[in-house]
Structures are given as structure tokens and as C-alpha cells.
K.L.:
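Can you keep this structure in mind? I'll have questions shortly.
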Amino acid sequence: MSLLAIKNLTVEYPSRKSTFTAVRDVTLSVERGEILGLVGESGAGKSTIGTAVMGLLDAPGRVAGGEILIDGQDARSIANLRGARVSMIFQDPLTSLNPLYTVAQQLTETIRTHRRMTRAEAHDEAVSLLDQVGIADAETRITQYPHQFSGGMRQRVVIALALCSQPDLIIADEPTTALDVSVQAQILDLIRDLAVSRGVGVILVTHDMGVIAQTADRVAVMYHGALVEEGKTAQIIHDPQHPYTQSLLAAVPRGERKLDRFPSLTYQPDGAPAPQEMTLTDDWLRSKGKDENQGTGPLVQVRGLGMRFLTRNAILPKNRSYIDAVKDLNFDINRGEVLGLVGESGSGKSTVARMIAGIHAPDTGSITFDGQDMAKIASSHERQALRRQIQMIFQDPYSSLNPRMRVRDIVAEPIHHNRLSETASETSRIVGDLLEVVGLGAAAGAKFPHEFSGGQRQRISIARALATRPRFLICDEPTSALDVSIQAQILNLLKDLRDALDLTILFISHDLPVVRQMCDRVAVMRNGQLCELAETEALFEAPRDPYTRELISLMPSL
Amino acid sequence: MIRFLIERLFQAAVVLIVVALLAFVMFRFAGDPVAQMVSLDTTAEDRAALREAMGLNNSLPVQFGQFVLRAVQGDFGLSYQMGQPVATLLAERLPASIELSLVAFGIALIVGIPMGVYSGLYPESWLSRAFLILSLAGISLPTFFIGIMLILIFGVELNLFPTFGRGETVDLGWWTTGLLTGSGWHSIILPACTLGLFQMTFIMRLVRAEILDVMRTDYIKFARARGIAKGRINYGHALKNTLVPVLTIAGLQLGSIIAFGIVTESVFQWPGIGLLFIQAISTVDIPVMSTYLLLVALIFVSINLIVDLLYLLVDPRLRVRSR
Amino acid sequence: MPNIRLSSVFLASALALSPAASGAETLRFASQGDIGSMDPYVVEEVFTSGFLGNIYEGLVRRAPDLSIQPALAESWELLSPTHWRFHLRKDVTFHDGTPFNADDVIYSADRVRAGASDFKNRLPSDAKVVAVDDYTVDFITTEPNPILHYTWANWYIMNRDWAEANGVGDADKAASEESYATLHENGTGPFQLVSRAPGVKTTLSRYDGWWGEGSVPTNVTEVEYTPVPNAATRVAALLSGQLDVVFPVPVQDIARVEAAPSGKIEAGPEVRTMYLTMNQWRDTLPGSGLEGKNPLKDRRVREAMYRAIDLETIHARILRGRATPAALMVAPGVNGYSDSFKRYEYDPDRSKELLAEAGYPDGFTFTFQCSNNMYVNDEAICLAVSNMLAKVGIDAKANVQAKAQYLEAILSPNMDFGLAMLGTTPASLDSHIALYSLHMCPRADENSAVWAPDDLAKIVAGKSNFAGYCNPEIDRLANEILIETDEDKRNALINEAWTITTDDVAYIPLHQSWGAWGVREGVGVEVRADNIFDWRYVTVAE
Amino acid sequence: MNPERSPNLIMRLLDSDAGYKFRSSPVTVVAGLVFVLMIGAALLAPVIAPFDPFDKGSIDLMNSLLPPAWNSGGDPAFLLGTDNQGRDLFSTILYGTRTSVFVGAVSVSLAVVAGLFLGLLAGYFGGLVDAIIMRIVDIQMTFPAIMVALLIDGVTRSFLSRDQHDELAVFVIILAMALSIWPQVARTVRASAMVEKSREYVMAAQVIGRGPWLIMARHILPNVMGPVLVIATINLGVAILGEATLSFLGLGIPAGEPSLGTLIRIGNDFIFSGERWMLIYPGLTLALLVLSVNLLGDWLRDVLDPKSR
């Protein structure tokens, strides 16, 4: 008898106009000691299955059909299901812990809820659990509050909490998505260990095929609420049967070799047209302004760049304390190249991007664009002319577009600001062309951003960035919030644009496979400093810096 | 921690000085105090002499200078109407106002928090909806109207409660309290309910909103997923997390209770500083008005400070940051 | 609202159980304001003076019928028209036990005329006060004054030793130090101060050593006074049995109190006369926009205004019959009052004719200053008058303000009004003071202009005559009245003066409103026309 | 939301999420109706009201203190009876509502403009600008509206003639209420502006080279309007109550120009004398008006609250 057996599960979210079916007729099972990977893109319904098993569906969601059996017993009839039999790990360790209680309080509370123990016994048990999930010096750390732990440590605490009740089944909902790769590997190892040593069944919900490949025994692939394919991990990864699985795997950037383009294999079950590939015929985008001087040498030169943030303010300067976000950074970006900038969160890569884009003023050092030191341009007119040539694409497509503006106004804003068009009709023609170029179609201009998906929004961002006819584009993690298939499209679009418009690109990412696909050279940052800068293939094949080596070794692969 | 305190004290001092200046300037325009102080038959000459003697003819900066100079020494002058030191007058009245405010605040908390918690936990229940609409009705009636109605119904028609005043008080030397006598408690109920109603509504709605927020957080979901008992989640995890914002805003409300107190005190003839202030307005008793305003500013500033300190106590994240 | 009949039953049963009913000898009363000071020379204001009259005493006092009675002086005689002799009572002690003698009178006579005393006009500044012996005092004035002692009922005698021992100086309103006399007293009256929290509560007890013990009906041993400015709260407290006496009861609540089994109303006409004052001296009528013109200078216009006001309806509707319409600027009970004067009839048609004759057939506009917390239903009367004037085409723009702002607008030097409502009580209860301060020309001498800005300090007579009414004939008569000692002749002169001012329409007298005292059943009070509450006549049933 | 378009704007509004939340709550629908009715009646007061309370010549003291028409002694000409001056209470309440709504609407508008401006400045620039503005907010919060009213009243008194001053009484109240409300708006706007400022669309505008003023006006302003709208609605109720309270304390609108507050103040004098209609009807009108505003504010909060989406 399976530990968990889900039979013909259907979950619906009724709304006043229609009923949204989040999970449709899914049948699954998990055995003790087995890790089932549940994979799919956003909205596929994979998380819903987890919450349905827990009986924690958000209102107005409801199980409309099928059954969930734990050891053959209907989950809904098990009194102490939650915690005792099934436990859960959430995505974001920063928000999963109650900030007002110490770790010890949260652990002992949970232990004593499920097991007859005295306070002291529970405390000892809690310490041993923390120890088991790999927290050093558990005896002292247990008295601390969650905010005193780092992200990875917190996720270990979360896992310890999930283990308190000695559950048979753990549902891990994107447990490593919010973590850096190095931490991710450790957490995945921990989960792996748990399954093996304790015989716990695990459902690992994730969108990341790399994670699945590394951890899961079996994989279930979901698409639009339905299960499309299920099988052993190796079989799914190397020999997928369903066209959706095939296209999904094709879109995953490979860390081990460089491709020219992402395969444009896109699964469209309902016959909706795939985003068109770009046809760049428009001459406005290609025409260069008269003011652009075509010099030689690197397009961007960064010298001694530094920036520090105030961490404690004080009236006397000597009492203030700072943290160096970026320290003494030197590098060049050559004309026409794509320079990758990689590093873990907090390494200072976004700060560098923002300084080059002119959002932050550097504390030390200089940035030279096309031979001119940006800080030394006195005339605001000239500075604007220079700035026009530098544009940026942001990470979060949901916050990088003003929700109160129509798309056409968003795209037209840089045109107006730089007076690149004489008349309103010319502007609207240019905007229409730009939207065509990014594959949205001119009609999209009349809509508001919220009417678009994440990938489409990122296309709008690109259209806006192109509207000034820039020569230099800064892409700050442009695809990290997107599903892999969408990521592939956006990355292809960026590649095409680069080729068509002779763009120079600074490409910032924490995702090494993506960087390998996109960049000509790669710079690795750590704690605000540059570790290594090399040609992409050289760096991936023979990293010199130990940190770079570590990063590459941790890179999940299929 | 100490640096934080010094910074806040400095800001408080700036606020107080500006309030002093405004208080001072504004009341120069509130009317002619002299007309109030003399009989109708007093000659214009005598009135002018009195005005001169009171220093009302000096230039504003000179008057302000004298005012501040004396104020920092704790001398706020004599009440024009009562001939007594203003500081003494206010000190005598302050216990009444503070007791009324605290009892009102207590009622607001005791009734408001459970109502808020309930309607936050069960937002769809009919009782929550009723709470919500009732609470809106509570803030849709002007305080004075509620006071009058309570007097009419419970004081006059049913004769259950006294209609004005503080009842018997006990003098502890530095504090006169009505909370040690039966009649004192009997007297405080109607005005405290009147004053507390608005705050109760406010706190209820605030708690409700915060609970709704907290119940959506991951750590509550996680606690449920761990099988923690419902009561423990609701009253341990959720309520404790709502306390931080509730404490801040409720603390600031305590300040506004004093402001709202003016109306309640005047309707119930509650002998507190608000009533003193209203009487001072009608008699253009400038020293009383200015000092009252300073006192209110001081109370506001102190409450702000106390709230910030409490905040540190409740929220461990802030405790670390401010070290 | 729940109905009142039912609740009266509640009230009655509740009262029977209420502990308040057993505190029989305590008088708990409330009025709208607090006493200004315990110092009897600082504020001349009816309530304060009346209150202090139970603690302090003057040489004379007024009986409930307002007749003059001996008090600290047993008797007096006029040795010559300018020489008065007062024989003092011998068995009197102050509350601290010090015996009372002539030196205290001399001290009080000095202090009442010094500093910022509000009672300076009790004694001419050049009058000499001489102690003949310990119990005889002479007052020597430069001019004859047959009514010298008429205003002395609220000139209270203070104790020199006590004052000097406690550093009580002259009355000083601009003082920066608190005077000992502000919170403490040492009078000779039947009640002494126990505790005082200004604006909150003042308690007093009977003074055992009072000389008049047994001569008055009171059985009150304790008094608790609470100022309750809000009229509704005051009435509610009476109805709920928390208070024994409240004053004033708004006229519209009189019926309610009377209907309650626990309450009753003691009311009678006040000696204060309410009147409208018309600005007849400004060259431009304030608020009229008529540059250089003032219609109110024209007697016909003033009569037109008089006739446009339907006082009977105001009387019936706003004052609910609790007022006495007045034709004169003094009330019955004031010396010189005569009921032979009649009001100008209410006649709006005649008003319009008079306005047309005066050249204002379409009326005119001006500012009407009104108070809203000084007199009985002052705001309502003001608005009613304004509405009535509108019916004959006069647009009196009512500006209703609280006392502080109102007085600032009305009093000199501003006098910024076209029309205003005021009340007047002659302190001496004699017509002369009304003629002197309200009707004599407010000017420095015969040749100067009325209310000339430079002369304000020199104006002595007519100092409350903000209307600027000026008739030299009145000045002459008033001066004669002052020194005339023959009572019949004097009264004839007064009558002549009133005839002239009435013909001139100097003012529009309105009415004497009734002071209504709300009294708990079982409490006896004597209501006086001057609204002074004399506790010596209060009895509280066991 | 709803991309397809139906021809009728009202149908579309009712069909939107906001419209649905509106329709599905009977309390909100009633509140909306009451509010529209009251505002309409107030705006149309000169047309609807049988009498003009400003026409002093038409007011007859003989008609004073009449009870509502359905009571014995009532006069059908005076639906809700008359006040102590003989003014028709129904007409006076209509005009009074007009004054109250006017005071509320104008003062809230002023407060919103000022609060938006200063809140945006504080939230966007932070640092010293923020510190100064927030201290001003602190100071303002220590002044109850009563004191602000006194201050403005005094200042206007000092440089205006008495007649002008009286005519400006309404504006004194408006200013006083606006001054006591703006800090709340400023705080809300500041908090929202700080959140919006850190969003990437603001950075995108900075990359384009947009200056701070344009960014504030074009990008941040539209995005902080949601909470401002909610605050404004709730404070509309507060302002109306504030006017009533000030007028009740005698610091507000003169009696000749009826507002709901002055009407209640006058009615309060008759609480024991049996003529309670003078208190009850203006009080009821005020309570209904503010209640409906508050209920609509609640609905608006529901609709605009991003968390409930």
C-alpha cells in the first residue's frame, strides 16, 4: 500500500463568473523513502496538490473530485493529519518562521503538540533535531530568533520544524527557489538524506528541472492542472515521451555546452500561436543618431568603482558605519560584446548595474562611456544624450512597469523624454513598430500591464528600453522570474536584437547555465569584488578562481 | 539604545519649542482677555492700563521670549481668570483626565481587541459583519451626541448613572483619584464609554485588519501545517504578531483621546484639563490655553517615545537593530 | 425617545433609594460659571459677588425684597449732605476669630479703591473715611450723594490683620504671583471656605461664630458648589437628584423640571433690563456700506426699528412667558421706575412709513452683534429680532459670538456694531446710575465730539453709552439728580429724564427676563430679582 | 479584470470586481443610495426645500416650535416641524447638509492636495526633507482641530473686518479641518511613496533620465491614489463630524447659516423641553450621512486593498 495515493484528484476555485480548475483528474502515489518530483511551470497546479493533501486549500478552493489516501485511509478522516502524518516546507524561509518567537519556542511547541514530552525533553529533542539538520552549535543557536539566522540556516530550521512531529510524508514546496545555488545544494542533500535515513516520503514541488534531476526518484510533470507524464527521473529527463515534457526540457539552459540559440520547440496544445520570431525590418531602430560618435576602445570602462551603504547613522562621521556594496571594481565592456556578471545574492552585481545606468551615483571611481567620463559631463543636454544610449531591463516584470499607465505610454515615455519624435502620430507609429519587434503586436499598446503575463511584460520592458535606440543594454536578471520556456523566448529575443542592432549588453544573472548561453565574457563577483573575468568558454571549462570553481561545480545539470 | 533615546529626546524638544511658539502666537489672536476680566462699566482707561500691566502691549518676540524664559523654569504664569498659577491648575486637573482616558482606553482595549480578533479570524461570519457595521455606526455619531444621549437615557430617564462630575475622590497627596471610591467608578462609566467608543471602533478595526493580514502569512500557514492547535495559532502566533502595529497606533490614539477628551469632558462636566481648556477658550485665558497646548504636546511626545520603547520590547528584530 | 411619563416613575422610585436624599443639610448647587476669585475686590460680577456675600459681609446688605438692611453696620445717619456716620456691630468676629472693628472698614475702604479693584466706584476716590472710635466710622464726601450706601451690599469688609499677615496686597489682575486672597478668605459671614478647586468644586461649612445665628431660616451646614457650564447637564443633574439647586434653568426646560416629581422651579423677574443699543454716533453705520451716512442718527428710523420688533411673540415663543416686557431702561424695584411709561406699539406698517419718511423706503443693512452665552436665550432673541427687522426691509446681519469676542466688538474702543443686545442692572438699584452710565453724553466736555478717540481716557459720564446717545438736557438732569436730596423732587427729575429718553428712542428696552432656579423638592430658597443666591434663606428638608 | 467591453458604461461598472462587491453587499447598496440621495438633496436644496432659511423676511417667529407634521399640532407645511425661530426644519436640514457636505468635501480636498504634495516629497526624497516634513506632521498632530480652528479664526479676525470675518466662518472651519486631516494623508502617501519608490518602474524612469518631479507626478502619484482615496472617504466623515463638533462647541458656523452641527447645538437646548425633533432629525441626518460615507469607504477599501485581490 502506498504511503500516499492520490486518485483522480480535481481541485476547483469557483469564482463568480466561472470555475477555475487548478488540478484536473490527477492520480499519483508516493512510497516511503521515496522522493517524488512534481514539476511544471507556474500555474500548472503542482502547489495546489500539495496544499490539497495538507487540507490547507485557500478559500474558495475545494476538492471537487477524487480522493487522497494516506496508508489507504482517507486523509480527510485522519484527525491529526497535519503535522503528525504529513508536514510541509514552504518556499520562503524568511517568512515561514514566526518572527516573534525563538527557534526553541517554535520547535518545542510543535514537538509538544504531537508528542507527550515534558518541556525539558522537548527542548532536548529540539536541539537534537537542529543538530540533525546541520546547524552547528545547536545548543546556543536554538535560543535565537529567526532573524538572527541566514536564509539557508532558516530553511534548515524550517525543515527541523517539519520533522518535529516525525511525519511520514513531507511536502516540500519549492524549498530552494529563494536560495543561492551553494545553499540550494546543501538543502537538497539534506532532504535526500531524510528520505533515505528516515524513510520519509517526500513530494518535491519545483519548477526547476535541475533540482529534480539531482534529487527526485520519480518525476510527475504537470501542465495546466493535468498530469502529462510520470516516470523514473532518468527516464523522464533523457527520454521524455510527452511533447510538453520534451519542449520543457529543451528550454532548460544547459550548463555543460554552449548553444547558438534555444531550440524553438514550444508546446501549444490549444493551438494558440507561439510568439513570432522577430523580423526586424524597421529602419527607425537601426538608424543612428548624428550625435553618436563611433570611437574605438571599450564602450564602457569601469575604474576603481566603489559604493558603500550606511548601516548606522550618526551625527559624528566617525561613529557611522558602512558596508561596502561594491569595492574598487575595474573592468571593460567591449563594443558589441555580451558581458556576463554573475554572483550570489548580495555580491553587489545589481549595484554595479545601477551605477552604470545612472540610478546610483558611485562613491568612488569612474565610469567611462564611449570615452567620456559620465560624472564629468557638465551640460545636462550632453549627459542626457549619453544616457539615452544606455538602457536597462529589470528583473521583476511585475514591478518594472507602472501599473497605472497604458503600454503605449510606457513605451512612448523615453521617446517623449528624449524628443526622438516630432509628432504624436510618429510616436505612435514608432511605439507600434517597437511592440511588433518584441512580438506583442501594435494592438497591445492600448492595454494595461496587468493584462499581460510575465513574459509579455518583459517584452514590453524590452520595447521600452529599445525606444531610445540605445547602444548599450543592461539586463539585470531579466529572466529569473520567468518560466523556462518563456525564458528561452526572451533570451532568444535578446540575442536576435543584439545581432540586429549591434547592441552591447551587460548581462547580470545568478544562473550560470543561462550565462553560458548568453555571454561572450563572464565576470564573477563576490562580496562586492571581482573574482575572475574571462572568456565564457574558458571560464566554464577551466575556472581559475576557487570560488568560480565552486559555483560551477554546484551548477545543477540535467 | 542610548543614542536612539538622545535622538528622540532632541526631536521631542524641537517639537515642543515649535508648539510653544505656535501656541503663543495663536492665542494672541483668540480675543481680548481684558474684556473678560473687568466689568462692563470699567473705563477704557482702566482697561488700557490693565492691558499694559499684563504685558499685552509688548511686541510679540518680547512676549514670546518672556514666555519661554519663564516656561523653562516651570513658571507658566497665572490664570487671568482664576489668579492661580497655571501649572497648579493643570496639575490639579490632570489626574481626572488621565483616569478618564485610561479607563476609556481600557474599555476600548477590553472590548475592541476580542471583537477585532473574532472578526479577523472569522471574517465571513454574520457576527463579524454585525461588529463591522455596528462599529461604523459608532464612529458615525459625533462624540457629543453620544454623550448627550447616554446622559439622557442612562442618567435622566433610567437614573442609573450620575450625569456629571467625578463623584467622591480620594486625595493621595500628589494625585486625586476617583478610582478608589464606588461613586468614582459609578461616575466614570458614562464618560469613559463615550470617550472609549471611538477608540474601541478604531482598535477593533485595526486588530481585524492586522489579523487578516497575519493569517495570510507563511508562518501561520506553516504553523497550521505543523498541526499546531487552532487556539494556539490564533491567540499565540497571530495575536502576538498583530500587537506590534496595534500597540503603535493605539499608543498614538491615547494621545488623541486627550484631544477628544475636550468634548467628552465638556459634555459630562468632567473636571479634567479638557474642560479647563474649553473654559479658558470662552474666557480667553491665554496662559491656560498656551500651557494646555504645551502639555498636550508633551503628552503626545512622551507617548510616542514610550510606544517606541515598547515596540523594542515586543519585536526582537528591532531590539537587535537598535543595539 | 422613551416617553417621559413612564420615566418619571423610575425617577421617583430611584430617588427614594438615592443616598443623596439623606444628606439633608448639605446644599449641593451648580451654576454656569465659577467664581472668579475668593478676593472680593477682583471681579465685579453678579455671581461671584453673590457667592462671596455668604462668606464676606458689607456694612449693609439687601433683603430678599432688595430693601437695604443693616449688616456689619447696625445703623447710620447723615450728619450733613456730605457727611455720613456708620455705627458698627460689636459682636462680630472674622472666621479666624479676630474681632471686627472700624480699622477693618478703613482698610477695606482703602483697598477697594486701590490697584485694579473692580469696585472702585463704591466710594468716590476723594471721599475720606475716618474712624471716630472702634465702632464708629465717618464717610466725608466732597459732593452730596444721597444714595452713597446703595451700592455697598457687595462691598465686603476684609480683615486688615489677616491681610497684612498673609501679604495680601492691592487687587491686581496682572499679577505674576498668586495672591493669598485668591484661594483663602477671612470674612465675617455665615459660611466659611473648606476647600476650593477652581472650576471643579468648592466646599464650605457653617461658621459657628456668626453673629446673626438664629436670625435666618437656614439649616444648611455644608455647601458644595460645582460649576456646570452646560445647561443640559445641569438640568439633568437636578432631575437625577445629584444637585439641590441649579441656576439658571433654560426657559424651555422649566416645564420639564416642574413636571418632575423631584423638582420645582422658583422664578421671578430679574432686575436686569435687556435692551438693544443702536449706534447713533458713528458717521458711517458699521456694516452698512453707506459711506458717511448713519440712518440710526434719525429718531424716526430708531422708532421704526422699535416698532418693527414684535416683543409679544418673542416673549411668548422664545421666553415662554417667563419675562416681563419693559418700556423703560430700569426694572420695577429700581428707584425711579414708573409704570406710566408704555412701549411703542408693534406696528410694522408704521415702521415702513417712518423709514420712507426718513428716506430709507428700501431699508438698509448693518451689523448686529449678538452674544450666545451671556443672557437668557440671547442668541435666539437676536436671530428673531434680525428676522423681524427683515420684514420691514432692514437687513440686520446677526453676528453671533461668544462673550469674549462679543464684548471685544462692543466695548470701547472698538464699538463696532450697528445694533447690539445688552443687559443692565443698576448696582445701586436707583435710576441715576442708568442715566449716568448709559444716557449721559460720552465725551470729555461739552464742546468735544462723542467718543472722540483721543478723549477716551477723559470720558467719565456715559462710559457704557456705546450707542453714543447724547442729549445735553439729560446731562443736566442727571447732574441735578445726583445731588438732589429731596426724594420727591428727585423722583420728579428722574421721571422727566425717562420721558425725554423714551421720546428720543435712545434705546430699545426689551424685557426683564426671569431668573429660573431649579430646586429639588424639599429645598426652600428665596429667589431675588438681582439673582443673588443668599444661603441664609435656604432650607433643606431632613 | 475584465477585458471584454459591453456597450453600457454603467453595466460595465456594475460588472467589474468593484461593482460586484458593491452589488453583493446589500448594506453597501443601501449606503450608496442613501449617500447619493442625501448629496443630491443637499445640492438641490434651493430647488427642493419649501422654504429658504436665508430669507430672513420669510421666517415667522409665530411658526416656531411646531412639531413634525404627523404629530398633533403639526402643520403640513412644515414636514419635520420648525425650530425655535420658526424656520422649517426640513428646509434647514437640507441647507445644513449642504453646508456640512461642502465643508467636508472642500476641507478633505485641500487636505488631500497638501498631504499628497508633502507626503510625496517626504517619501520620495527621504532624508532631511522627510525628517522636516514628518516633524511638522508630529507638531500638527498635537493640535486638536478645535485649537486649529481657534488659531485660524484668530488670525483671520486680526486682519479682516468683523463683517468679512463672519462671512468667512465657513472657510475658517474648512481650513481648520483641512489642517487637522492633512497629516494623515501625508503619512499614508509617504508610506506608499516609499514602497512605490523602490519599485523597478521608478528606476526605469530614472534610467530614461526623468527628473524627480516628473517621476513623482507621472509615476508615483497615480500609484498612491488608491490608499489616498480610501483615506479621503473616511476623512470626509471625519470632517463632517469635526464641523459638527466645532459648531456644537460654538466655534463653528454661525447660527444664521445652518449646518448640521449648529442645528444639533440648537436642538440640544431643547432636549428636556419636549421639542426633541430639533435634536433628533439633524442628528439622524448627520449620523446617516456619515454612516453612509463610512460604509462606502469600507467598500472602497475592500476593492482597492491589493491584498484582497
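Chain naming here is simple, since letters A, B, ... match the order of the sequence lines and numbering starts at 1 in each.
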K.L.:
May I ask you to decide if B:Gly236's main-chain N or O and A:Tyr101's side chain share a donor-acceptor pair within less than 3.5 Å?
P.N.:
yes
K.L.:
Ignoring hydrogens and geometry, is there a side-chain-to-backbone donor-acceptor pair from B:His237 to A:Leu100 under 3.5 Å?
P.N.:
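It does not hold such a pair.
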K.L.:
So for A:Met88, is it side chain, backbone, both, or neither that comes closer than 4.5 Å to the heavy atoms of chain B?
P.N.:
both
K.L.:
Under a 4.5 Å cut-off applied to non-hydrogen side-chain atoms, are A:Asp92 and B:Asp218 in contact?
P.N.:
yes
K.L.:
Work out which heavy atom in B:Lys221 is nearest to a heavy atom in A:Leu56; give both atom names and the distance.
P.N.:
O-CD1, 4.0 Å
K.L.:
Look at the rings of B:Phe222 and A:Phe90 and say which category their plane angle falls in: under 30° parallel, 30 to 60° tilted, over 60° perpendicular.
P.N.:
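Aromatic pair B:Phe222/A:Phe90 classed perpendicular.
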K.L.:
Are B:Tyr219 and A:Pro99 side-chain neighbours, meaning at least one heavy-atom pair lies under 4.5 Å?
P.N.:
yes
K.L.:
Contact between B:Ile228 and A:His114 at the side-chain level, heavy atoms closer than 4.5 Å - yes or no?
P.N.:
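No, too far: nothing below the 4.5 Å cut-off.
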K.L.:
Between B:Arg226 and A:Leu107, is a side chain to side chain contact (heavy atoms under 4.5 Å, CB included) present by the stated rule, with each step listed?
P.N.:
CA-CA 10 Å; B:Arg226 298 202 305 272; A:Leu107 280 165; over 6 Å; no
K.L.:
So which part of A:Val158 gets closer than 4.5 Å to some heavy atom of chain B, the side chain, the backbone, both or neither?
P.N.:
both
K.L.:
Among A:Thr113, A:Ile171, A:Leu161, which residue has the highest count of heavy-atom pairs closer than 4.5 Å to chain B?
P.N.:
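Winner by heavy-atom pair count: A:Leu161.
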